[in-house]
Peer 1: 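Have a look at this one.
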There are 2 protein chains.
Amino acid sequence: MTDILTLVYQNGGFNEQEMAEIKNAHHELRFKKGENVLLFSGISDGYYIVKESILRSYVIDFNHEEMTTEFYCQGDVVIEVVSLFQQKPSESCIQALSEVVLYKIPFPVFQQLFLTLRGFSDWGRNWMTEELFKLKQRHIHMITQTAAERYLKLGEEKPDIIQKAPLKHIASHLGIKNTSLSRLRRDSIKKR
Amino acid sequence: MTDILTLVYQNGGFNEQEMAEIKNAHHELRFKKGENVLLFSGISDGYYIVKESILRSYVIDFNHEEMTTEFYCQGDVVIEVVSLFQQKPSESCIQALSEVVLYKIPFPVFQQLFLTLRGFSDWGRNWMTEELFKLKQRHIHMITQTAAERYLKLGEEKPDIIQKAPLKHIASHLGIKNTSLSRLRRDSIKKR
DNA sequence: ATCTAAATTTGACTTATGTCAATTGCAAAT
DNA sequence: ATTTGCAATTGACATAAGTCAAATTTAGAT
């Protein structure tokens with residue numbers, strides 16, 4: 001099995017020594033189901049990558065309901081961008097959806113890498129660029145596709161989530177109510 | 001009247017000399033109504049800031065319809081992020097909604113600034129960070145608020161747009177059909 | 001293993017927004 | 001000033017998703 005960190009950084013254009021330096025900056029960390037990697041109003045203490053299992057990030061919306069804004073699977077970078085880069089209180093909460101294993105770079109080490117390894121800040125900017133692109137795409141999908149189409153799409157992109165995450169979190173992430181997703185699932189099974 | 005560029009860069013922590021260097025990198029440029037600052041599949045040739053009037057950026061969605069993804073008003077930074085930073089063909093098109101005056105930094109100059117002025121790349125990262133935050137907020141609003149609420153919000157944040165942009169563009173930006181926005185406007189006037 | 005609370009499912013009904021088609025308004029080009 | 005075509009409005013009806021409440025299933029705690 002190829003190691004996750006190699007996959008994550010493979011397109012950064014790092015040489016062997018740089019790659020080793022980056023990898024060494026990470027250490028493994030576990031969270032139990034339901035534990036929080038980052039709390040509301042907490043200040044991000046580092047940068048994480050998912051080694052195993054799934055997490056979600058959520059906010060409390062204007063109707064005082066939880067809304068899942070992101071799911072994280074193996075290989076995903078787990079960041080609350082504003083809180084990490086500007087060291088401000090987080091607007092969202094990041095939570096393990098089951099026993100989870102992460103790689104962490106603590107903030108001071110992260111900052112150091114950013115300053116000393118030119119390629120690392122480039123890598124970071126590219127990551128942000130892609131993130132912006134994905135958010136724009138998501139917005140387009142939200143507007144132009146039905147909930148059923150969005151559900152199928154999530155299933156293709158993150159099959160783990162469809163299988164393992166609780167229905168209510170998937171529903172809020174898709175922008176529909178639990179009841180609607182429940183019916184959606186029933187009906188899409190019927191069709192087959 | 002305070003000059004736009006001062007406002008745009010005031011929180012970047014630049015000293016006077018740096019500020020002057022940045023400002024000097026810009027030059028003024030005009031576009032006529034309907035002209036494109038960036039075309040589909042074009043490669044971004046620089047970075048723009050709105051001096052006067054309004055623009056929009058749009059994509060062609062899965063139903064082969066135009067969808068306005070962003071409006072730009074005075075002081076806004078006009079970028080197609082992926083195309084600028086990765087010099088890839090643009091997925092969207094940026095268009096002047098009337099006679100428009102922009103400040104431009106041509107790509108090579110932009111890149112130079114990025115490399116030589118430490119604070120400029122920091123400024124860029126902060127801009128991206130905020131952009132990511134805004135996109136997430138927009139997503140939350142799209143899910144939790146009604147079209148009428150989103151319309152009012154746009155009116156508060158970008159009153160210029162509500163007044164000057166064509167209804168159909170506002171509608172597609174809000175994620176509703178022209179007909180629905182037309183009715184929305186009628187009904188909200190009635191209420192008063 | 002049992003109990004309890006939370007998550008999911010389902011039914012009946014409501015609401016926001018979409019669809020389609022006809023009409024009117026308006027602005028650019030001649 | 002007149003024409004022409006796109007933009008906006010409106011009516012009648014359709015549909016996706018929401019609401020509320022009850023029934024059932026599931027997972028955690030004891």
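Just so it is clear: chains get the letters A, B, ... in the order the sequence lines come, proteins before strands, and each one is counted from 1.
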Peer 1: Quick one: does Arg185(B) reach the base of dT10(D) with a side-chain donor-acceptor pair under 3.5 Å?
Peer 2: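 No.
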Peer 1: In residues 152-182 of chain A, which residues come under 4.0 Å of DNA chain C by heavy atom?
Peer 2: Pro166(A), Leu167(A), Lys168(A), Thr179(A), Ser182(A)
Peer 1: To the nearest Å, give me how far apart OH (Tyr151(A)) and C1' (dA16(D)) are.
Peer 2: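 It works out to 18 Å between those atoms.
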Peer 1: Provide, to the nearest angstrom, the distance between the CG atom belonging to Asn63(A) and the P atom belonging to dG18(D).
Peer 2: 12 Å
Peer 1: Would you say Gln17(B) has more than 12 foreign heavy atoms packed within less than 6.0 Å of its CD?
Peer 2: no
Peer 1: Starting at atom CD1 of Ile143(B), determine the distance to atom C1' of dA16(D), rounded to an integer number of angstrom.
Peer 2: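 So the two atoms are 16 Å apart, to the nearest Å.
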Peer 1: Can we say Arg30(A) and Glu28(A) salt-bridge, meaning some charged N sits less than 4.0 Å from an Asp/Glu carboxylate O?
Peer 2: yes
Peer 1: Under 4.0 Å, heavy atoms only, any strand: does Ala148(B) hit a base, just the sugar-phosphate, or nothing?
Peer 2: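 If one applies the 4.0 Å heavy-atom cut-off, Ala148(B) turns out to touch nothing in the nucleic acid.
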Peer 1: For this output row, return yes or no: ring centroids of Phe114(B) and Phe85(B) closer than 6.0 angstrom.
Peer 2: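 That pair passes the under 6.0 Å test.
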Peer 1: Do Glu80(A) and Lys88(A) sit within salt-bridge range, that is, some charged N less than 4.0 Å from a carboxylate O?
Peer 2: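 A salt bridge is absent here (no side-chain N lies under 4.0 Å from a carboxylate O).
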Peer 1: Can Glu149(B) and Lys153(B) be counted as an ion pair, charged N to O under 4.0 angstrom?
Peer 2: no
Peer 1: Check Glu70(B) with Lys134(B), please: is the shortest side-chain N to carboxylate O separation under 4.0 Å?
Peer 2: no
Peer 1: Please name all residues satisfying salt bridge (charged side-chain N to carboxylate O under 4.0 Å, His left out) with Lys33(A), sequence neighbours left out, ordered by chain then number.
Peer 2: none
Peer 1: Are Glu18(B) and Arg118(B) ion-paired here, with the side-chain N under 4.0 Å from a carboxylate O?
Peer 2: no
Peer 1: Is it true that Lys177(B) and Glu65(B) have a side-chain N and a carboxylate O under 4.0 angstrom from each other?
Peer 2: yes
Peer 1: Is a salt bridge present between Lys51(A) and Asp76(A), judged by a nitrogen-to-oxygen distance below 4.0 Å?
Peer 2: no
Peer 1: Test Ile60(B) against Phe40(B) for side chain to side chain contact (heavy atoms under 4.5 Å, CB included), laying out the working first.
Peer 2: CA-CA 10 Å; Ile60(B) 305 297; Phe40(B) 286 117; 4.0 Å; yes
Peer 1: Taking any atom under 4.0 angstrom from a heavy atom of chain A, which nucleotides of DNA chain C are the first and last to qualify, 5' to 3'?
Peer 2: dA7(C) to dA12(C)
Peer 1: Could you tell me how far apart Leu184(A) (CG) and dT15(D) (C1') are, to the nearest whole angstrom?
Peer 2: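 Answer to the nearest Å: 14 Å.
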Peer 1: Should the side chain of Arg183(A) and the base of dG18(D) be counted as holding a donor-acceptor pair, with the cut-off at 3.5 Å?
Peer 2: no
Peer 1: Would you please classify the geometry between the Tyr9(B) ring and the Phe120(B) ring as parallel, tilted or perpendicular, with 30° and 60° separating the classes?
Peer 2: tilted
Peer 1: What's touching nucleotides 23-28 of chain D from the protein side, N or O pairs under 3.5 Å?
Peer 2:
| residue | atom | partner | partner atom | Å |
| --- | --- | --- | --- | --- |
| dG28(D) | OP1 | Lys33(A) | NZ | 2.6 |

Peer 1: May I have all residue pairs that pass side-chain hydrogen bond (donor to acceptor under 3.5 Å, both in side chains) and include part of residues 120-132 of chain B, sequence neighbours excluded?
Peer 2: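 Qualifying pairs, neighbours excluded: Gln86(A)-Asn126(B).
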Peer 1: Tell me the bend of the helix from dA1(C)-dT30(D) to dT30(C)-dA1(D) as the angle between end helix axes, each from five pairs, rounded to the nearest 10 degrees.
Peer 2: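 Roughly 60° between the end axes, to the nearest 10°.
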